[in-house]
Amino acid sequence: MNSASLLRRAALGAVAAVLVTAAPSFADVPGGKTSGSGDRDGGLGASVSITYRTSGGSGGSTTHSLGSSDVTWTPPPCWIGPIAGPKEFKAMVEKSVSDTMNYPGQANYAMQAMDEYRRHYADGYTWDGGGDGYQDFNVDQQGKGMFWGPVENPDSDSPDRFNCNSTLPFWVPNGQRPPAGTPHVITTEMLARLAFAHTQVPGVNIEMNPAGTQTVNLSTWVTLRENYTPITVRASLNVPGGVAMWAETTATPTSVHIDPGTADADVHPASGECPIGPNGRVGAPYHAGATGNPPCGVTYRRATRGGGAYDLNVTATWKVSWQGSDGAADAPPLPNGVITQNRPVAVQEIQTVNR
């Protein structure tokens with residue numbers, strides 16, 4: 001690797017901190033019944049914004065981040081996206097250069113690299129493989145385009161969040177996309193993954209009848225306090241006068257699985273898959289005189305011993321589909337979402353019980 005390339009790499013490392021993280025922000029929607037949005041653009045006029053729209057209510061007081069059924073799945077750790085207009089980008093670079101030059105004990109190679117980085121945008125300086133330089137940061141093109149560059153996902157702790165930093169910020173005129181083949185450029189599929197990562201769903205709050213300690217051979221009626229109805233989340237990238245793209249995910253509850261935590265029990269229904277009613281409710285409350293098995297529940301056949309408890313688990317699964325502004329839909333597909341709760345259940349062996 002020649003010295004110019006080494007300096008270019010040094011400059012990229014030195015300016016990584018100055019690149020704007022135009023990342024999705026999160027706005028909670030109390031009760032899941034209203035719409036809201038959270039945008040963060042740092043005054044640059046570009047952001048990835050997450051808009052939340054919920055169909056129906058959660059029926060519960062809390063929501064939780066939707067987990068992935070695929071433990072290897074992650075939202076994008078970084079991407080190449082719009083970071084600043086010419087004047088804003090100029091101010092960012094000049095501040096970064098000044099901070100570098102004035103840092104006590106700064107290495108000469110870092111100062112040289114930062115000077116060449118500034119010249120690339122101010123004086124038309126061109127590195128080997130760095131593309132043509134610019135004049136005065138394209139200030140004469142203010143309002144006609146933006147510089148695109150690396151954006152780290154602030155919600156990611158993956159080491160891959162630095163993978164986009166090898167790309168120098170480059171100019172993109174309004175209404176255009178970066179050149180074909182540019183790595184890591186943000187797509188509707190990336191936006192769909194960001195929307196998935198910001199999906200909030202009702203929790204799994206288990207209610208049992210009888211409450212408290214259960215009894216051998218007496219059916220436990222299980223209900224959930226929440227309403228499980230589809231939830232839609234839209235992530236959009238909007239650049240004034242330029243690119244507008246979005247992806248919208250819809251998380252639809254498909255099953256609620258009950259696991260009694262022991263082989264010495266029967267679940268109801270026998271599949272362990274509690275039906276989700278048309279109103280989004282799971283299970284039914286016990287009522288006096290009820291006969292037969294509950295629509296969602298468990299019958300324990302053996303008591304717990306020595307102060308122990310069975311680990312009752314209830315897991316809700318959500319199928320997540322998506323569509324994008326470019327016509328893309330479910331390609332590639334997103335994983336199912338899951339949310340789960342464990343609850344310790346003590347079981348006693350007695351002859352009668354009062355509900």
Side-chain angles (χ1 to χ4, degrees), residues 19-27 29 35-54 66 73-86 88-89 138 141 143-156 160-161 163-165 167-200 230-251 320-335:
L19 297 178
V20 173
T21 304
S25 59
F26 175 74
V29 183
S35 298
S37 65
D39 301 337
R40 174 182 173 186
D41 61 20
L44 302 175
S47 67
V48 177
S49 60
I50 304 295
T51 301
Y52 299 89
R53 290 200 300 269
T54 301
L66 186 63
W73 182 90
T74 61
C78 67
W79 55 87
I80 299 298
I83 55 175
E88 296 82 7
F89 184 65
N138 275 11
Q141 299 295 305
K144 299 180 180 180
M146 298 193 74
F147 282 98
W148 287 47
V151 179
E152 294 176 16
N153 183 347
D155 298 321
S156 174
D160 293 340
R161 68 188 184 277
N163 286 355
C164 302
N165 289 351
T167 299
L168 278 173
F170 54 91
W171 177 254
V172 178
N174 286 344
Q176 296 185 26
R177 292 273 292 166
T182 304
H184 306 300
V185 172
I186 195 161
T187 62
T188 55
E189 186 268 336
M190 289 182 179
L191 289 173
R193 290 160 62 195
L194 288 169
F196 183 109
H198 284 78
T199 299
Q200 297 280 300
I231 294 174
T232 298
V233 178
R234 174 175 288 205
S236 59
L237 173 68
N238 298 297
V239 183
V243 174
M245 68 165 61
W246 54 263
E248 190 171 88
T249 59
T250 299
V320 185
S321 59
W322 72 274
Q323 59 181 341
S325 54
D326 57 358
D330 294 330
L334 292 168

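Residues N165 and E152 meet the side-chain proximity criterion, which asks for heavy atoms closer than 4.5 Å. In this structure, the side chains of T182 and W148 stay at 4.5 Å or more apart for every pair of heavy atoms. Taking the side chain as every heavy atom from C-beta outward, I83 and P169 approach each other to under 4.5 Å. Side-chain contact check for P82 versus L237: some heavy-atom pair is nearer than 4.5 Å. A 4.5 Å side-chain heavy-atom check between T74 and D160 finds every atom pair outside the cut-off.
The OG1 atom of T250 sits 7.0 Å away from atom CD of Q323, with the distance rounded to the nearest 0.5 Å. The CH2 atom of W79 lies 5.0 Å from the CG atom of L194; values are rounded to the nearest 0.5 Å. Atom CD1 of residue I231 and atom CD of residue Q200 lie 8.5 Å apart, to the nearest 0.5 angstrom.
The side-chain hydrogen bond (donor to acceptor under 3.5 Å, both in side chains) check on D326 picks up T188, with sequence neighbours excluded. With sequence neighbours left out, T187 forms a side-chain hydrogen bond (donor to acceptor under 3.5 Å, both in side chains) with no residue at all. For F147, the ring-ring contact (aromatic ring centres under 6.0 Å, His included) partners are F89, Y121, Y134, W171, not counting sequence neighbours.
Checking V151, V185, V172 one by one against I80, the side chain to side chain contact (heavy atoms under 4.5 Å, CB included) holds for a single residue, V185.
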